[in-house]
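For reference, the structure is listed below as structure tokens.
Indexing begins at 1, ligand by ligand and atom by atom, following the structure's order. Here the structure is a predicted model, which is why all the values come from computation and not from measurement.
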Amino acid sequence: MLPSKFLRDRSSILKKELQHVESTVDEEEYFLKRSAQTIQKRTQQLRETKNQAFDTVSLWGLYGQEDMKAFKSMTLPLFMSTTGGPFDCLVDGSLLLSYKTIDDPNKIYTRIDNQNPDHLAMKIAALEGLGVPQLTQGVCTSSGMSAILMATMPFLEANDNFVSSNRVYGGTQQLFEITYPKSGWRVRWVDKPWEIKEWEKRIDKKTKFLYIESPSNPTLYIADIQALSTLAHEHSIPLIIDSTLASPALTRPFEHGADIVVHSTSKIANGSCRAIGGVVISLDTITTNIESIKDNFAYMLKGGHFRNMGPCLSPFNAQIIWDELITLRLRVKQVSENALIIAKYLEKHPKIEKVNYPGLASHPQHRIAKQLMKLPDGQNAYGHLMSFNIKGGLRKAKKFAENFEFGVQVTHLGGSYTVWVHNATTTHGQMTNEERRAAGISDNLIRYSVGLEGVQDALSALDKTLRKI
Ligand SMILES: Cc1ncc(COP(=O)(O)O)c(C=O)c1O
């Protein structure tokens, strides 16, 4: 996955670094060459995916005939091991453990890489990269939160800042607001993220990136990725986007100028709700004024922050998510169709004050959603998530939560099951009233993640409950 320039730079440094290992230059050269071949093969495979359909990539990823023959398995096997290996010889081990040839996940320690997370990262990176000529690369993480951590912290030093939409998941809000300031990293929230000048006002010389979540959980703000990436690039900084809710089946942010994409793969990427996971995907070269992380950002994490902090994904979870991606587009299409029917029904209901769903013409960023949210065949679809306000404030919202029996009342979203939650008392309960108000989380808001159940069943259940309250 690494370009040859990177390899050349590395190999000249290596000769010096490996002086303490008893080896001949021939041995080093052999392993470096082998590493280069692995990279070239990967690069070639990734390039080939660019001519393939979304469904072909989501089915096979980069698991091809050669792997099948090598592993004697039609499907990607589970590599449930703490360690790959064995090393071919001391030099091989030395090169691997100095992270110079970690492109071979067969050999390395699972905290750094393993076949399953590696294949998952390549599959998602390939899906995200379908619309752009550049190559993409990824690293899988233990959760969506650790993906956000990995995607952002390499940019930050004490007294640096970054500018973020305040329409972000509650966990992200807490990470940026509570945890990051302890290291001197300051978030500058944008309360009206749809106004580009609000972003511009907050950028200065110490600003290291812009951050958005789009669509946002749970208020469904849709960011103008193009405008924000243009603004970021004018300041030589990257645009980082949490694209969990869209998934690559609906929006491929690199097409619109984003530099780094993160996902919680615990959500729609993994419809069966069986595995927590995350992924960071970057373009081969990103816009940043920090030279050391400009190239191969996601890959470099493996030998840096990711290795040092340890948020690796279990091979077992990676395998589940890899399999789930096979049906991603089909699931996204179906839940989007169901969601639009439900959103239209709720919008007309006399007991509903407001529905937030990007597919509705009443949504404030519907025009942008129409440009950005498209299935791979170009057809518009707007995803599984909506939220709605119940007339009558907190009391009526609680009554809804006490009476609604369809699906499950839990803090989850994006699975194949309908799930819903009252945000002010649960997912966003740790925020202050003021923070909640600023982020658009009213006391009467219900988040509703549409599942694959028959849509008529959902409508009947909603009807029955709304009659009662
Ligand atoms: C948009 C979004 N990003 C990130 C996360 C965090 O993901 P995880 O729970 O996998 O850490 C969530 C969790 O709900 C989310 O909704």
Looking only at protein heavy atoms, identify the closest one to [atom] and say how far it is in Å.
atom	result
atom 16 (O) of ligand 1	N217 ND2, 2.8 Å
atom 11 (O) of ligand 1	M145 N, 2.9 Å
atom 10 (O) of ligand 1	S266 OG, 2.6 Å
atom 14 (O) of ligand 1	K267 NZ, 2.9 Å
atom 2 (C) of ligand 1	D242 OD2, 3.5 Å
atom 8 (P) of ligand 1	G144 N, 3.4 Å
atom 6 (C) of ligand 1	Y169 CE2, 3.6 Å

Close side-chain approach of I241 to Y211, heavy-atom, < 4.5 Å: no

Pick out which of W322, F79, F316 makes a side-chain contact (heavy atoms from CB on, under 4.5 Å) with N116. F79

Regarding E337 and K333, does a basic nitrogen lie under 4.0 Å from an acidic carboxylate oxygen? yes

I'd like to know whether the aromatic ring centres of W420 and F388 sit less than 6.0 Å apart in this structure. no

Does the gap between the ring centers of F155 and F209 come in under 6.0 Å? yes

Check the orientation of Y382 and H366. Use parallel for under 30°, tilted for 30 to 60°, and perpendicular for over 60°. tilted

Distance under 4.0 Å to a non-hydrogen atom of [X]: what atoms of ligand 1 satisfy this?
X	answer
S264	4 (C), 5 (C), 7 (O), 8 (P), 10 (O)
E213	1 (C)
T244	1 (C), 3 (N)

Measuring from non-hydrogen atoms of G277 to any atom of ligand 1, is the shortest distance under 4.0 Å? yes

Once you round to the nearest 0.5 Å, how far does NE2 of H428 lie from OH of Y169? 8.0 Å

Sole residue of R188, K208, K205, R186 in salt bridge (Lys or Arg N to Asp or Glu O under 4.0 Å) with D160: K208

When you look for heavy atoms under 4.0 Å from ligand 1, do you find them on the side chain of H412, its backbone, both, or neither? neither

